[in-house]
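Below: one structure, written as structure tokens.
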Amino acid sequence: TLAQTQHVSSLQQYPGPLNANTNKQEIAKFVDQEIYRCQYQIEAFGSLNPRALAAKQLWQLMRLLLLNDSINEQVINNTVLSIKTMLLEHKKDMGSWTNDSMNGASSAIGSIENQQDVIRLEKLLIDGKIEEATQYAIQTKLWAHAILLSVMIDKKTYQKVVTAFAQSSFPEGSPLRTLYMMFADRGDLLFHNATIEMDQYGNTFTSHSRQQQQSQQEQITKLCENWEENLSMIVANRTSASGKVIEKLGDSLWKESNLV
């Protein structure tokens with residue numbers, strides 16, 4: 001009969017209705033029974049029963065939320081980690097589905113090496129390591145990812161990433177380098193050759209290599225050689241620092257080139 005089905009039997013054991021006085025352990029016991037029932041179906045039918053796996057994950061999620069309803073930050077972080085572990089525990093190869101999805105987008109991503117870098121980046125983000133992922137994107141020159149991730153961290157990180165992008169991607173005197181350095185609020189670096197670098201922990205430091213010290217004059221010279229293009233770029237894309245950059249550019253033209 002209908003009353004003998006598993007579904008109705010489950011409903012009969014349900015410790016409801018739920019309210020503030022409902023015993024949490026009784027609910028947890030019921031949820032554990034449902035998890036066990038789903039696991040039995042998974043073992044019996046394997047991959048042919050994806051609904052049982054989805055149901056098990058749903059019950060597991062309910063159990064985690066039931067037993068970890070604290071507002072304590074550490075408890076919340078542990079719960080998030082448990083949820084991630086629960087969702088991925090049946091994944092034997094984390095990169096398999098990512099590799100498949102990357103195959104269809106290989107032309108947009110680039111080389112095989114870049115695809116592997118994106119997979120590594122994705123795993124870091126799945127682990128919630130956004131700062132480490134941002135630094136990894138910088139190291140592997142996945143600039144689009146690095147800039148997007150930096151926006152989600154804070155303004156300071158965004159400025160660091162855009163500065164590193166501008167300095168590594170465009171030659172000295174390039175109007176694009178000028179514009180992006182201004183977007184990073186580091187227009188001052190256009191007039192000396194210090195490079196802002198980041199270590200593996202996200203800390204920044206100013207690099208002054210011998211080669212950089214020798215090329216400082218060359219940097220200013222190249223900026224002055226292309227002063228019309230650079231000035232046009234600054235005027236057409238004004239920022240709060242545009243005035244200071246224009247002033248320094250004028251000083252450089254006067255002192256170095258005797259043009260103004």
CG-CG distance between Leu223 and Asn230, expressed to the nearest 0.5 angstrom: 5.0 Å
Candidate pair Leu121 and Leu149, rule side-chain contact (heavy atoms from CB on, under 4.5 Å), full reasoning: CA-CA 11 Å; Leu121 180 71; Leu149 292 172; 4.1 Å; yes
Donor-acceptor contact present, side-chain Arg238 to main-chain Val235, <3.5 Å: yes
CG on Leu61 to CD1 on Ile35, rounded to 0.5 Å: 10.0 Å
Spatial distance of atom CZ (Phe165) from atom CG (Leu176) [nearest 0.5 Å]: 8.0 Å
Hydrophobic cluster identity match, Tyr36 and Leu53, side-chain contacts under 4.5 Å: no
Atom pair CG (Leu58) and CZ (Arg63), whose distance is rounded to the nearest 0.5 Å: 14.5 Å
Test item: Ser242 side-chain N/O and Thr239 main-chain N/O as donor-acceptor pair under 3.5 Å: yes
Side-chain (Arg186) to main-chain (Met181) donor-acceptor, under 3.5 angstrom: no
Met233 versus Pro175, closest heavy-atom pair with distance: CG-O, 3.6 Å
Min side-chain heavy-atom separation Gln167-Thr163 under 4.5 Å: yes
Distance, nearest 0.5 Å, that separates OH of Tyr136 from CG of Leu125: 11.5 Å
Audit row: Lys248, Asp188, side-chain contact (heavy atoms from CB on, under 4.5 Å) steps and yes/no: CA-CA 8 Å; Lys248 288 184 178 181; Asp188 58 302; 3.6 Å; yes
Heavy-atom check, side chain of Arg37 versus side chain of Gln33, under 4.5 Å: no
Pairwise distance OG1(Thr134) to CD(Glu131) - rounded to 0.5 angstrom: 7.0 Å
Backbone N/O of Glu229 and side chain of Asn226: donor-acceptor pair under 3.5 Å: no
Side chain to side chain, Phe191 and Asp251, heavy atoms closer than 4.5 Å: no
salt_bridge(Lys222, Glu225) N-O dist < 4.0 Å: no
same_hphob_cluster(Leu148, Phe183) at 4.5 Å side-chain heavy-atom cutoff: no
Ile153 backbone acceptor or donor facing Thr157 side chain under 3.5 Å: no
Asp127 side chain vs Lys129 backbone, donor-acceptor pair below 3.5 Å: no
Heavy-atom pair of closest approach, residues Trp143 and Ser168: CZ2-OG, 3.1 Å
Heavy-atom side-chain proximity of Met182 to Val245 below 4.5 angstrom: yes
For Ala55 against Cys38, the heavy-atom pair lying closest together: CB-SG, 3.7 Å
Full working for side-chain contact (heavy atoms from CB on, under 4.5 Å) between Leu179 and Ile234: CA-CA 7 Å; Leu179 179 64; Ile234 296 169; over 6 Å; no
From CA spacing to verdict: ring-ring contact (aromatic ring centres under 6.0 Å, His included), Trp59, Phe30: CA-CA 10 Å; Trp59 285 114; Phe30 171 78; 5.7 Å; yes
